[in-house]
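The structure displayed is predicted, hence computed values, not measured ones. Remember, it's 1-based here, ligands and their atoms both numbered in the order they're listed.
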Amino acid sequence: MNDIHDTCVIGAGPAGLAVARALAERDLPYTHLERHSAVGGIWDIDNPGSPMYSSAHFISSRTQSGFGGFPMPDHFPDYPSHRQVLGYLRSFADAYRLTDRIEFGVEVRDVEKNADGTWTVTRGDGRSTTHARVVVCTGSQWHPNIPELPGNFTGEIRHTKDYRDLGELRNKRVLVVGAGNSGCDIACDAARAADHAVISMRRGYWFIPKHLFGRPVDTLSDGGPHLPKWLEQKVFGALLRIVEGNPVRLGLPKPDHRLFETHPVINSMLLHHLRHGDITAKPGIARTDGTTVHFADGTSDDFDLILFATGYRHRVPVAQRYFGDEQHPDLYLSVFSREHEGLCGVGFIETNSGAYRLFDLQAQLIASYVQDGPERFTRLIREDRPDLSAGLKFVASPRHTGYVDSGAYVKHVKKIATAMGWPTEGKPAARFEEVVL
Ligand SMILES: Cc1cc2nc3c(=O)[nH]c(=O)nc-3n(C[C@H](O)[C@H](O)[C@H](O)COP(=O)(O)OP(=O)(O)OC[C@H]3O[C@@H](n4cnc5c(N)ncnc54)[C@H](O)[C@@H]3O)c2cc1C
C-alpha cells in the first residue's frame, strides 16, 4: 500500500518490527520496506553485512529483553543465542501478522523531504512513493568505526563486523583491539582458538559478570529497593570487588571512571581466560612495525591478525542530510527529528539496558504522534531538552555523547506521554510459536 497519509517504516529489524506493531494495532496505515529477504536485522547472520558472530549471545537477560506483551519463552536460557533471538523476532513478526505486510528485497536508496512536508522514498530500482512520515529503522551496527593504526603493520587487519567464527583465528597470533561487549566475546574466542591472544584497551573498564548469586545480573534489582544511582554505584562497585577481586592484578588498567559511567561490559569469560593465561591484556597501541605492535607501556608483541572491535558509526545513508551528525543525530527522545517534522528514527538510542522495551515505548510514542497529529507535540520536540543521565557522569567519548540512563529515559517518556494523554503500553499479548529457521 502507498498513500500520501501513511507512514513508511524502513528496516525490519527489532526496531522496525516494534514500530510496525504499534501502527498496526491502532489500524494506522503504513508501508514497511526491508532490503533483506526476511525479518531479524543484525540477528540474521545471513543478512549481508550483519556483524553477528557464531558465539554471540544476548548480554541483556531473557526476562529483561523481550517486547511488551511478548516475553521470550521460558525454555530460552538466561542469555539466548543469536539464533534464538532471531527465532524470537520471527515469531514476534508472525504473531502480530507483520511479516506479510513487509516488502522484502526492497532497498531504500534515498529519503527526500518535499516542499509540502511529505516525504519521498526512493527504492534501489528507482521507484518512488510519497508518505506523510518516515520512520528510519535501518540499524546502527552496519558501518564499522576503524581508527587509524600508527605505523606500517604488515599482517592482516580486520574489523570484528566481518568476523564470524573462531575457526578464522586458528594458527594465528591475534590482537583484539577494544573491550566493548563484542570485543570481549571475540577475545574469548581468540583465547580458545588462536595460537596467541592479546586484548588491547586504552582505558580500564568494570567487567560485570553475567550472573551474580546465580541470577542474571540485570534482574538483581527486580523487586528490591530502588537505590539512588550514587548509592547503587557504591554498593554494586563494592560487590564487584568482593566477587571479582582487583582486575589490575590481571594486567587490566584501573577504570578511570566510576561504575555505570561507560556502557556496561557484561562478560564472565574474559576474566576467566585472563586468569588462566589464555589471553593477555595490554594498553593502547603506540605504533606498529611490520608484524610487531608496540604498546603504550613500552612492551611489544608480534601478530598475524589485528581485529578492531572499535564500534560503529551511526550512519544513516538513506537520510544522512536530515539526521545530521553521523554519531549523534539530534533526535528528541532519540526518536523525533527536531528540525524535520515527520522524520523519526528508532534504534539510535544509546543506553544501559536491553533495547526492545525502549523500542516499544518509542514505537508507542510514534503511533500516538501519528494518531493525534503533531501539533501539540511540536513544541516539546523543539524545546524539551531533558537531562536523562540520572546524575551519571558518562565518560567523554563519541559513544557516550548523548548516552542516556534507561531508567531516567523511561520515566521521562512516561511523564510526557501521560501529559499528552497518550498510552505507553497496552499491546495485546500474543504467544511465542517456534519458527523453523
Ligand atoms: C553482538 C551484539 C549483541 C547485542 N546484544 C544486545 C542485547 O543483549 N540486548 C539488546 O537489547 N540489544 C543488543 N544488541 C543491540 C542490537 O543493536 C539490537 O538488538 C538490535 O538488533 C537493533 O535493532 P535495529 O532494528 O535498530 O537494527 P538492525 O538489527 O540493524 O536492523 C536494521 C534492519 O534494516 C534493514 N535496512 C538497513 N538499511 C536499509 C535500507 N536502506 N533499505 C531497507 N532496509 C534496510 C537491515 O537489513 C536490517 O534488517 C546487540 C548488538 C550486537 C552487535
Go ahead and list the nitrogen or oxygen contacts between ligand 1 and the protein that come in under 3.5 Å, distances to 0.1 Å, or just say none.
from: ligand 1; atom 1: 8 (O); to: I59; atom 2: N; distance (Å): 2.6
from: ligand 1; atom 1: 8 (O); to: S60; atom 2: N; distance (Å): 2.9
from: ligand 1; atom 1: 8 (O); to: S60; atom 2: OG; distance (Å): 3.2
from: ligand 1; atom 1: 9 (N); to: S60; atom 2: OG; distance (Å): 2.8
from: ligand 1; atom 1: 11 (O); to: A355; atom 2: N; distance (Å): 2.6
from: ligand 1; atom 1: 17 (O); to: Q141; atom 2: OE1; distance (Å): 2.6
from: ligand 1; atom 1: 19 (O); to: W43; atom 2: NE1; distance (Å): 3.1
from: ligand 1; atom 1: 19 (O); to: Y356; atom 2: OH; distance (Å): 2.9
from: ligand 1; atom 1: 21 (O); to: W43; atom 2: NE1; distance (Å): 3.0
from: ligand 1; atom 1: 25 (O); to: P14; atom 2: N; distance (Å): 3.2
from: ligand 1; atom 1: 25 (O); to: A15; atom 2: N; distance (Å): 2.9
from: ligand 1; atom 1: 29 (O); to: I42; atom 2: N; distance (Å): 3.0
from: ligand 1; atom 1: 30 (O); to: W142; atom 2: NE1; distance (Å): 2.8
from: ligand 1; atom 1: 34 (O); to: C137; atom 2: O; distance (Å): 3.4
from: ligand 1; atom 1: 38 (N); to: R35; atom 2: NH1; distance (Å): 3.3
from: ligand 1; atom 1: 41 (N); to: V108; atom 2: O; distance (Å): 3.0
from: ligand 1; atom 1: 42 (N); to: V108; atom 2: N; distance (Å): 2.9
from: ligand 1; atom 1: 44 (N); to: R35; atom 2: N; distance (Å): 3.2
from: ligand 1; atom 1: 47 (O); to: E34; atom 2: OE2; distance (Å): 2.7
from: ligand 1; atom 1: 47 (O); to: R35; atom 2: NE; distance (Å): 3.3
from: ligand 1; atom 1: 47 (O); to: N47; atom 2: ND2; distance (Å): 3.2
from: ligand 1; atom 1: 49 (O); to: E34; atom 2: OE1; distance (Å): 2.7
from: ligand 1; atom 1: 49 (O); to: E34; atom 2: OE2; distance (Å): 3.2

Just checking F58 against Y79, ring centres under 6.0 Å apart?
no
Working note: W422 + D372, criterion side chain to side chain donor-acceptor pair (under 3.5 Å); need CA distance, chi angles, decisive distance, verdict.
CA-CA 9 Å; W422 292 350; D372 211 19; 2.8 Å; yes
Flag the pair F336 / L343 as yes when at least one side-chain heavy-atom distance between them is below 4.5 Å, and no otherwise.
no
Across all chains, not counting sequence neighbours, the side chain to side chain contact (heavy atoms under 4.5 Å, CB included) partners of L271 are F207, E244, L250, L252, L274, R275
Is there a donor in the side chain of H36 and an acceptor in the side chain of D44, or the other way round, less than 3.5 Å apart?
yes
Give me the ring orientation class for F323 and F348: parallel if the planes are under 30° apart, tilted from 30 to 60°, perpendicular past 60°.
tilted
